[in-house]
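First up is the structure itself, then whatever we jot down about it.
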Amino acid sequence: MSENHTHFIKHIVTKDMEEGSYEEIVTRFPPEPNGYLHIGHAKSIVLNFELADEFGGRTNLRFDDTNPLKEDKEYVDAILEDIHWLGFEPEAVRYASNYFDEMYRQAVRLIERGLAYVEDLSQEEIREMRGTLTEAGKESPSRSRSIEENLELFEQMKQGEFGDGEKVLRAKIDMSSPNINLRDPVLYRISHTEHHNTGSDWCIYPMYSFAHPLEDAIEGVTHSICTLEFEDQRPLYDWVVEHAELDGEPKQIEFARLNLTNTVMSKRKLKQLVDENYVDGWDDPRMPTISGLRRRGFTPESIKQFCREIGVSKADNLVDVRMLEHFLREDLKLKAPRTMAVLDPLKVVITNYPEGEVEWLPADINPENEEMGTREIPFSREIYIEREDFMEDPPKKYFRLYPGNEVRIKHAYFIKCHDVIKDENGEITEIHCTYDPETKSGSGFTGRKVKGTLHYVDASEAVPAEFRLYDSLIDDEAAGDSFLDHVNASSLKVQHGFVEPNMKNVQPHDKFQFFRHGYFNVDPKDSTSEKLVFNRVVGLKSSFKLK
RNA sequence: AGGGCUAUAGCCAAGCGGUAAGGCAUCGGAUUUUGAUUCCGUGACUCGCAGGUUCGAAUCCUGCUAGCCCUGCCA
């Protein structure tokens, strides 16, 4: 199911395997535990895991925890949960911090071979001497220090004899390189910070550009897949691999990260939305995080299928969110039970229906999947329909209920409106209809046809429920400098209505298709047996337009 | 602009010298007890632009244009 999709990375791997460059293909998914995973990460996860799987290889999950200032165990746990939920099982779970000893050894070997030196200059001085995009940099005086002195200084850095920022270890490459990443990049910095994994064992931490290739080489990663912004770092990646005294020879391949319409996709921005309370948390159903999508009601399969279908390339892209929604509908179409919910109730009294009588009508649970069987739903003299399903003065082509019009009540009877009851403000409070017993659903009645079929909930057995309807978090109509100016103020709409009586015992994450409304998920945090809460995942498509 | 990369329909995206796949979206039409689903139909005389090579070019070459990324002791 995941195949028939080809892309440039697959071509590279195929060629490598044909040429026998590697015994097996090994990939890795390397998140930094400084935030929650989002759907952009899902693209990378699916790519890495399924690529290795297709070629009979393996994939590690490796936390890139080289910067204790930003990282936290909370994020590690959330990431673990999200990957598991998506349905992937890493060959091994590793941490960059597992390799700190080895990385230190490699750094020492670099110094011993005259390929790295300890820098005395301040951060500002380093920056000034690095040059600019169009001018070469200048070599630091520290560059000519002896190997012995470098070794001693680096040892002192490790021993904690310097404060944060006082010294740094730099690679000795080329201060005049047109690629700024090669102008003696920093390899190690000092940070007297507690690490979530190694505690206070270390006060020097390797930089990403030094650590990452080493991690890949240590784990035997063959294809190290990352996003486009690391392209300029590839020469440095290769430099580290070449000079490291390790067997692995991983190569870095870059692809374009995912962008989605009407959403932001950077951990920094998402964290800001959380920290500044624009949303409920990382798992707010409006967030593009894996946990947000999960709470909203997206399924792992829909997310994975989306990730497969958008493809992998190097071109900047902006994918329409409706594509994601498409795959959710696709996944739930045959799986989700149909049920009826009235989100904005309007009472209908069926004046010729006997008072006090209730009949239970059979209703299929999923007409597209008969194996799901049937349920029984009540029908009596008073029912609720959707307020928008009645108009006193309808436009043309409106084939729902209006005075004098007859419609079908799903699974029940035809009803015809004969009276509209209003309060003193002119607000419609209820409508009166008659029903025709001969038109009962399942009776085979063909005497006449109606254009509209309305869903309903029986008033005497109705179960109150809350419905949360979501709109995009980011509105591209608004203008402003910051993405915060584009936050959609009405991205959440809450309605209170009713569901069928057999919905009383729903469980968190149960998913339903509410007839004519869309797919809904039982909210895992706020729904209780006393107060049901349903999140609308996506609506049904509709070609209905008023006017 | 010094370097790195990208450009195929509204949006993704195949294509790798032999005459433009597929998906999403849109718009029609048929069926329909969900204005849903399903089914059929719908768009590139042309692949950023201009030249060149070739019997033949989206694919090769040259030049140009536009967009993205790079001057953290972040990843």
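Every chain is numbered from 1, with letters handed out A, B, ... down the list of sequences. Keep in mind the model is a prediction, meaning the values are calculated, not measured.
- At a threshold of 4.0 angstrom between heavy atoms, the contacts of A:Glu135 with the nucleic acid are absent.
- The closest donor-acceptor contact from the side chain of A:Tyr36 to the backbone of A:Leu270 lies at 3.5 Å or more, if one exists at all.
- Here the P atom of nucleotide B:U34 and the CD atom of A:Glu388 are 17 Å apart, to the nearest Å.
- Nearest nucleotide to the A:Asn317 side chain, out of B:U33, B:A75, B:C12: B:C12.
- Looking at A:Arg234, its side chain has no donor and acceptor atom pair within 3.5 Å of the base of B:G4.
- Between the CG atom in A:Leu401 and the CD atom in A:Glu388 there is a gap of 13.0 Å [rounded to 0.5 Å].
- At a cut-off of 3.5 angstrom, the base of B:U34 holds at least one donor-acceptor pair with the side chain of A:Arg338.
- A donor-acceptor contact under 3.5 Å links the side chain of A:Asp232 to the base of B:G3.
- Here the nucleotide nearest the side chain of A:Met207, chosen from B:C16, B:C74, B:A36, is B:C74.
- The side chain of A:Thr134 lies closest to B:G2 when the candidates are B:U33, B:G2, B:A25.
- Put simply, the side chain of A:Gln513 and the base of B:U34 share a donor and an acceptor less than 3.5 Å apart.
- Syn is the classification of B:G72, since its glycosidic angle stays within 90° of 0.
- Closest to the side chain of A:Glu368, out of B:U34, B:U37, B:C24, is B:U37.
- At a cut-off of 3.5 angstrom, counting only N and O atoms as typed in the model, there is a donor on one side and an acceptor on the other between the side-chain of A:Ser441 and the base of B:U33.
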